[in-house]
Visitor: 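Below is a structure I'd like to ask you about.
FYI, the numbering just counts along the sequence from 1.
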Amino acid sequence: MEGMQAYGAGKAGGTFDPVTFFQQPQTILRVVSWLFSIVIFGCIANEGYINRPKEVEEYCIFNRNQNACNYGVFMGSMAFLCCMAFLALDVYFPQISSVKDRKKAVLADIGVSAFWSFMWFVGFCFLANQWQVTKLEDNPLREGGDAARAAITFSFFSIFTWGAQTLLSLERLKNVSFEEEYAKLFPPQPHQPLV
C-alpha cells in the first residue's frame, strides 16, 4: 500500500514535483485548453469587430450578430478562468487528505469538463453557422477573416480537448476507486509489538 494513490494523487502531504506535474496528460490537456481559450478570446476581441468603409459603428464579423461575438468572448474568457482554477486544484490535489474530498474534486472535474465540451460544441456550431451566412457586402475588404476562422477552428479543437479531459477524469475515477474499496475491506492494522 506504500505506493498507492487515492483518486489520482499520492499520499496527502507529498511534495510538489513540477516536472511530473507538467508531464501528466491531464495537465497537458488543461494547458492546451487554456491556450485555445486565449486564442478564441483574443481573435474575437481583437479582430472580431469591423465596420463598413462608410460606417463609424463597429459590428460583429459573424453576420453582424453581436450575440456570436459576445458568446465567443464570454466563453473564451470563462474557459480561461476555469482552466486556471482546475490547474490550481491539480497542484493542490496531493495535499487533500480526505478520500471523500478527492472524490468530490474528481467528480467536479468530470462535470465541468463535460460541460465545457458541450459548450464548445454549441459555440463551434453557432460561430460556423454565422460565418457561413455572413454577406460579402458586410465586409468588402475581407478584414478579420483569418481571426474568425481561427476562432471557429479552435472552438472545434476545444471540443476534443475538454472531451479528452472528461475521459481522463472518468478513467482516473474508475482506476483509483479500487483503492477506496480495498481500504474498506482491509483496514490498516496497528503494528503489534514483537514479544
Visitor: Would you name the heavy atoms of A105 and L89 that are closest together and state the gap between them?
Guide: CB-CD2, 4.0 Å

Visitor: Check the pair E143 / E47 against side-chain contact (heavy atoms from CB on, under 4.5 Å), numbers first and verdict last.
Guide: CA-CA 8 Å; E143 296 175 282; E47 295 187 41; over 6 Å; no

Visitor: Which residue in the set K104, Q165, Q26 passes side chain to side chain donor-acceptor pair (under 3.5 Å) when paired with D109?
Guide: Q26

Visitor: Is the number of heavy atoms from other residues, nucleotides or ligands under 6.0 Å of W131 CH2 greater than 12?
Guide: yes

Visitor: I'd like to know whether CZ of F80 has more than 12 heavy-atom contacts from other residues, nucleotides or ligands below 6.0 angstrom.
Guide: yes

Visitor: Please determine whether residues F22 and F86 belong to a single hydrophobic cluster, defined as Ile, Leu, Val, Met, Phe, Trp and Tyr linked transitively by side-chain heavy-atom distances below 4.5 Å.
Guide: yes

Visitor: At their closest point, which heavy atom of I61 faces which heavy atom of G145, and how far apart are they?
Guide: CD1-N, 4.0 Å

Visitor: Any chance you could measure N63, atom CG, to T134, atom OG1, to the nearest 0.5 Å?
Guide: 4.5 Å

Visitor: Among side-chain atoms of N51 and E58, is any donor-acceptor pair under 3.5 angstrom?
Guide: no

Visitor: Can you list the steps and then say if M75 with F41 is a side-chain contact (heavy atoms from CB on, under 4.5 Å)?
Guide: CA-CA 8 Å; M75 295 306 288; F41 170 79; over 6 Å; no

Visitor: Answer whether the closest heavy-atom distance between the side chains of F62 and I152 falls below 4.5 Å.
Guide: yes

Visitor: Compare all side-chain heavy atoms of W162 with those of M119 and state whether any distance is below 4.5 angstrom.
Guide: no

Visitor: Quick one, R30 with W34, criterion side-chain contact (heavy atoms from CB on, under 4.5 Å). Give me CA distance, side-chain angles, the key distance, then yes/no.
Guide: CA-CA 6 Å; R30 272 197 223 291; W34 179 72; over 6 Å; no

Visitor: Any side-chain heavy atom of F126 sitting closer than 4.5 Å to one from N67?
Guide: yes

Visitor: Which residues pass the disulfide (SG to SG under 2.5 Å) test with C60, sequence neighbours left out?
Guide: C69

Visitor: With side-chain contact (heavy atoms from CB on, under 4.5 Å) as the test, would you mind laying out the steps for W116 and C82 before giving the verdict?
Guide: CA-CA 9 Å; W116 278 109; C82 192; 3.4 Å; yes

Visitor: Each residue besides L29 in its hydrophobic cluster should be listed here, by chain and number; the cluster joins Ile, Leu, Val, Met, Phe, Trp and Tyr at side-chain heavy-atom distances under 4.5 Å.
Guide: L168

Visitor: What are the two closest non-hydrogen atoms of F21 and D90, and how far apart are they?
Guide: CE1-CB, 3.5 Å

Visitor: Can you measure from CH2 (W120) to CZ (F115) and round to the nearest 0.5 angstrom?
Guide: 10.5 Å

Visitor: Can you see which heavy atom on G72 is nearest to which on I44, and at what distance?
Guide: CA-CD1, 3.6 Å

Visitor: Got a second to check how far C83's SG is from L87's CG, nearest 0.5 Å?
Guide: 6.5 Å

Visitor: Nearest 0.5 Å, what's the CZ-CG distance between R149 and L127?
Guide: 13.5 Å

Visitor: Does the plane of the ring in F124 sit parallel, tilted or perpendicular to the ring in F156? Use 30° and 60° as the thresholds.
Guide: tilted

Visitor: Rounded to the nearest 0.5 Å, what separates atom OG in S77 from atom CD1 in I40?
Guide: 11.0 Å

Visitor: Establish, for the pair R172 and F93, whether the NZ or CZ atom is under 6.0 angstrom from the six-membered ring centre and no further than 45 degrees off its axis.
Guide: yes

Visitor: Compute the ring centroids of F154 and F157, then answer whether they are less than 6.0 Å apart.
Guide: yes

Visitor: How close do I159 and S117 get, heavy atom to heavy atom, and via which atoms?
Guide: O-OG, 3.0 Å

Visitor: Would you say that Q130 contacts Y71 through its side chain, given a criterion of any heavy-atom pair below 4.5 Å between the two side chains?
Guide: no

Visitor: Looking only at non-hydrogen atoms, find the nearest pair between A45 and V73 and report the distance.
Guide: N-CG2, 4.2 Å

Visitor: Which residues pass the salt bridge (Lys or Arg N to Asp or Glu O under 4.0 Å) test with R64, not counting sequence neighbours?
Guide: E55, D138

Visitor: Working to the nearest 0.5 angstrom, can you tell me the gap between S155 OG and F36 CZ?
Guide: 10.5 Å

